[in-house]
Amino acid sequence: MSRYEASQIEAKWQEAWEAASIFEAKRTADKPKYYVLEMFPYPSGKLHMGHVRNYTMGDVIARYKLSTGHNVLHPMGFDAFGMPAENAAMAIGGHPKEWTYNNIDTMVEQMKPLGLSLDWSRMFATCDPEYYGQQQSLFLDFLEKGLVYRKNAVVNWDPVDMTVLANEQVENGRGWRSGALVERRELTQWFFKISDYSEELLSALDNLENWPAKVRLMQENWIGKSTGLAFDFTLKGAPEGFDKLPIYTTRADTMMGPTFSAIAADHPLAKALEAQNPEIAAFCTEARKLGTSEEAMEKAEKLGFDTGITVLHPADPTIELPLFIANFVLMDYGTGAVIGCPAHDQRDLDFARKYDLPVIDVFKPLDSDESVQDVAFVPAKTEKVRYVHWHGEAGTEITCKEAMARTLATYEKNGWGTAQTQYRLRDWGLSRQRYWGCPIPVVHCDNCGVVPEKKENLPIQLPDDVSFDKPGNPLDRHPTWRDCICPNCGKPAKRETDTMDTFVDSSWYFARFTAPHSETPTDMAEAEYWMNVDQYIGGIEHAILHLLYSRFFARAMQICGHLPEKSIEPFDALFTQGMVTHAIYENAERKDENGRTIYHYPSEVEERDGGTFVKKTGEEIKVIPSAKMSKSKNNVVDPLAIISAYGADTARWFVLSDSPPERDVEWTASGAEAAHKHLSRVYRIASEAAAMDTGAGKDDETLLREMHKAIRDVTLGVESFGFNASIAKLYGFTNVLAKSKAGGDAKRQAAKVLAQLMSPMTPHLSEAIWDMLGGEGLIANAPWPVADEAMLVEDTVTLPIQINGKRRGELEVSKDLEKSEVEKLALAHEAVLKALDGGAPKKIIVVPGRIVNVVV
RNA sequence: GCCCGCGUGGUGGAAUGGUAGACACAGGAGACUUAAAAUCUCCAGGCGGAAACGCCGUGCCGGUUCGAGUCCGGCCGCGGGUACCA
């Protein structure tokens with residue numbers, strides 16, 4: 001009998017699949033289509049276990065759908081523009097293009113041995129001019145439909161490197177390379193009008209039944225619809241031209257509680273004051289040093305500067321409040337100005353205590369008359385409280401929600417303000433001051449202004465002759481690339497040098513896969529057939545931005561005639577798989593020559609004497625447990641090592657077993673060998689069955705019953721993303737088969753079904769077993785087994801008996817036994833008799849087929 | 001800070017509100033073997049007990065329920081996102 005030789009088996013069957021072209025997707029009318037897509041990878045250089053897990057899950061679905069009679073589209077590509085390529089060019093020389101395409105080649109080479117059922121003929125990278133040219137064409141269409149516009153927005157500016165920094169490149173307010181304190185700088189940038197679709201993107205979430213509830217909730221909160229009060233404070237003592245200060249608040253009911261007002265450092269009024277007062281200028285400069293990320297601003301110590309200006313309350317001008325400039329007010333949200341109500345907002349309370357401002361209770365708990373001290377009173381909006389200081393009658397006991405509604409009505413009636421609906425969602429800024437991205441196809445002409453490029457001139461290609469020896473955007477300093485002819489007047493003009501956010505690239509690739517070489521962004525006939533994505537799979541880290549942008553793009557593309565109406569929501573079902581995490585190994589003894597932390601690869605360290613050390617140098621390691629695998633932290637595991645040692649099926653089996661797909665999984669090396677042992681065992685069991693004589697055995701019926709149960713359970717697992725559960729069942733069924741005394745015919749039948757049930761996970765091994773047992777054709781094409789209901793029926797059931805909710809015994813009863821009969825049997829049970837001690841039970845709960853609980 | 005998750009044996013994890021720890025890993029004992037590897041059998045949450053069995057036990061505190069890992073409230077810890085990482 002031959003041994004399980006994974007490398008031979010895998011090469012053989014991968015060739016067989018390729019020869020039969022079974023994964024090439026073609027439109028056909030005779031089968032239902034199924035489009036399964038995993039979020040495409042960034043070509044970082046090496047495939048890691050997170051990719052393997054992601055694509056294996058998609059492959060399980062794709063192969064399962066193929067064997068249940070679907071016409072499957074399962075493509076793969078690369079999200080290939082982005083910062084790391086430019087960083088690599090700066091760090092190690094070379095060109096982003098070369099680096100990227102080399103990485104793509106490497107990763108494809110690493111992916112192929114996994115035996116994924118991918119249609120490689122559809123592969124593309126977003127940095128292919130063929131792709132980004134179509135993206136430029138989409139941009140022009142969006143521009144024409146008024147979905148794109150320009151406005152000023154702030155960026156992180158490194159004053160030493162003279163370059164724009166991404167939020168990730170700002171560490172504690174300093175540029176990551178120069179170490180200089182970051183400033184904010186205002187630039188004119190391009191924006192997509194996603195905020196016009198706020199309501200639509202919000203309400204359509206209700207239709208996404210096959211999306212995880214948590215993702216829908218995150219998107220709902222991100223869009224952030226609120227109803228509140230919009231009003232103007234009257235400014236007193238402000239510079240010329242500043243009479244009113246528009247404010248928006250979601251807590252209208254606390255309008256009698258504010259004791260200060262605050263504006264953002266980027267607010268026009270703050271800028272006007274800055275010009276007059278050096279102290280204010282100093283404060284604003286300091287406030288801007290936080291960088292532009294919301295996280296940095298919200299986490300920073302709350303600081304304010306009293307401008308000396310006051311604001312007058314719209315409902316009662318005798319109420320005069322101080323106006324601060326504060327570092328926690330966001331210019332991008334609302335009007336860039338807020339009211340501070342310390343009694344009912346913790347941040348406002350902390351601020352009030354710090355700057356010695358009064359605290360006014362607007363409402364109090366029903367059962368207390370205590371005033372707010374150090375903890376703000378923030379009840380749920382639906383909780384009833386007693387209003388002591390507001391526009392209604394003092395002492396009224398109502399919910400905050402009700403009080404808000406009444407306040408809004410009062411303000412509208414008196415003309416003090418208006419009820420307004422607002423969204424937190426901001427327009428999508430797509431301009432990037434970087435080279436390695438899709439050029440924005442517009443031209444700046446002295447005569448005509450900003451002019452769209454002509455479609456016949458697309459693609460506007462990136463120049464290859466650029467250098468990265470200096471920081472900043474090489475397109476800006478290229479000698480000739482900017483020079484062009486104005487498409488409008490024909491005079492010399494300059495190209496836009498900003499490129500597009502890489503989220504643009506990933507917002508429509510799913511549509512492009514339906515016709516990857518079309519001369520328009522999509523081919524409507526193909527899109528009509530293949531869209532929507534039936535199952536989309538990817539990381540939870542994309543729950544908001546990527547998925548929201550894609551939803552917007554689907555709408556915009558539909559408006560421009562590039563997607564059918566049904567694709568307004570492009571992803572019918574979404575599954576967010578967990579990440580593969582790994583400990584980070586940080587060198588505890590030294591930093592690198594630039595003073596930066598050194599991270600070691602898992603293969604470089606060893607555990608001994610209760611500690612972790614670098615193998616070569618013996619330096620001690622600080623172990624940071626369980627973090628997202630990240631190239632910059634070096635905590636990645638190379639799947640190729642597993643594949644070359646044990647084979648792709650082992651790697652596939654391993655990443656699917658144990659952890660539920662939606663949960664993060666901590667990579668450990670020990671499990672891979674065990675997975676391989678199991679696959680060898682399955683191979684051996686199948687070989688033994690193949691060698692048995694024909695004829696019946698004594699356990700045939702039992703084995704076949706277990707087989708049908710396995711079909712039912714494994715299928716259920718595959719259909720509900722319970723791959724780990726399916727695998728546990730497969731282990732169970734394998735054990736049953738191994739120990740069964742059934743005859744050759746029954747064993748061969750069971751082994752064939754086992755191979756089929758395993759085939760989405762371990763396709764090569766399954767083909768080998770199928771072949772060994774005389775299966776017809778490829779197992780990949782064989783119809784999925786169906787469980788025989790009659791074989792699943794059980795006659796008796798074991799009921800646990802609880803006494804006061806604790807298990808004290810069990811009862812073997814026929815499946816359909818009457819409740820009253822079960823009660824009688826339970827009361828006659830030894831453990832129950834003992835507990836009752838001659839008395840009568842207080843209550844008996846019988847849950848048919850489940851449990852009996854006797855309360856004594 | 002804010003939004004969203006997660007927390008169960010030595011480890012990964014299982015469990016429509018109904019027997020907590022399925023299925024595995026690591027571990028222990030044994031069989032086979034000259035021996036090892038491979039394979040096979042058995043044991044295994046903690047504490048007490050020879051055993052039968054008893055008590056405790058799903059991050060912490062409280063609640064709802066005949067019954068809570070699961071539902072509700074409040075904490076703690078970890079992870080993801082936070083609009084220029086992808």
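Order of the sequence lines fixes the chain letters, A, B, ..., with proteins taken first and strands second; residue numbering starts at 1 for each chain.
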Using the ring pair (Phe, Tyr, Trp, His ring centres under 6.0 Å) rule, take A:Phe192 and A:Tyr549 through it: C-alpha gap first, then chi angles, then the decisive distance, then the call.
CA-CA 10 Å; A:Phe192 287 124; A:Tyr549 291 155; 8.4 Å; no
Nucleotide-resolved protein contact map, nucleotides 1-10 of chain B, B/S/- at heavy-atom distance under 4.0 Å
B-SSS-S---
State which of [options] makes the closest approach to the side chain of [X].
X	options	answer
A:Ile845	B:A83, B:A86, B:C66	B:C66
A:Arg807	B:C84, B:A20, B:U41	B:A20
A:Pro800	B:U19, B:C84, B:A22	B:U19
A:Arg434	B:C84, B:A83, B:C66	B:C84

Consider only side-chain N and O atoms of A:Ser657 and A:Asn724, and report whether a donor and an acceptor are under 3.5 Å apart.
no
Base, sugar-phosphate alone, or nothing: which one does [X] contact when heavy atoms must sit under 4.0 Å apart?
X	answer
A:His542	base
A:Asn804	nothing
A:Ile727	nothing
A:Glu662	nothing
A:Val854	nothing
A:Pro660	sugar-phosphate
A:Gly429	sugar-phosphate

Quick one: A:Lys806 NZ to B:C53 P, roughly how many Å, whole number?
16 Å
Got a sec? Which of residues 186-194 of chain A come in under 4.0 Å of RNA chain B, heavy atoms?
A:Gln189
Name the stems that RNA chain B belongs to, where each is three or more consecutive Watson-Crick or G-U pairs with both distances under 3.5 Å?
B:1-7 with B:76-82, B:10-12 with B:23-25, B:27-31 with B:39-43, B:45-48 with B:53-56, B:59-63 with B:71-75
Base of B:G9 relative to its sugar, syn (within 90° of 0) or anti?
syn
Apply the side chain to side chain contact (heavy atoms under 4.5 Å, CB included) test between A:Gln169 and each candidate in A:Asn87, A:Val182, A:Thr163; give the one that qualifies.
A:Asn87
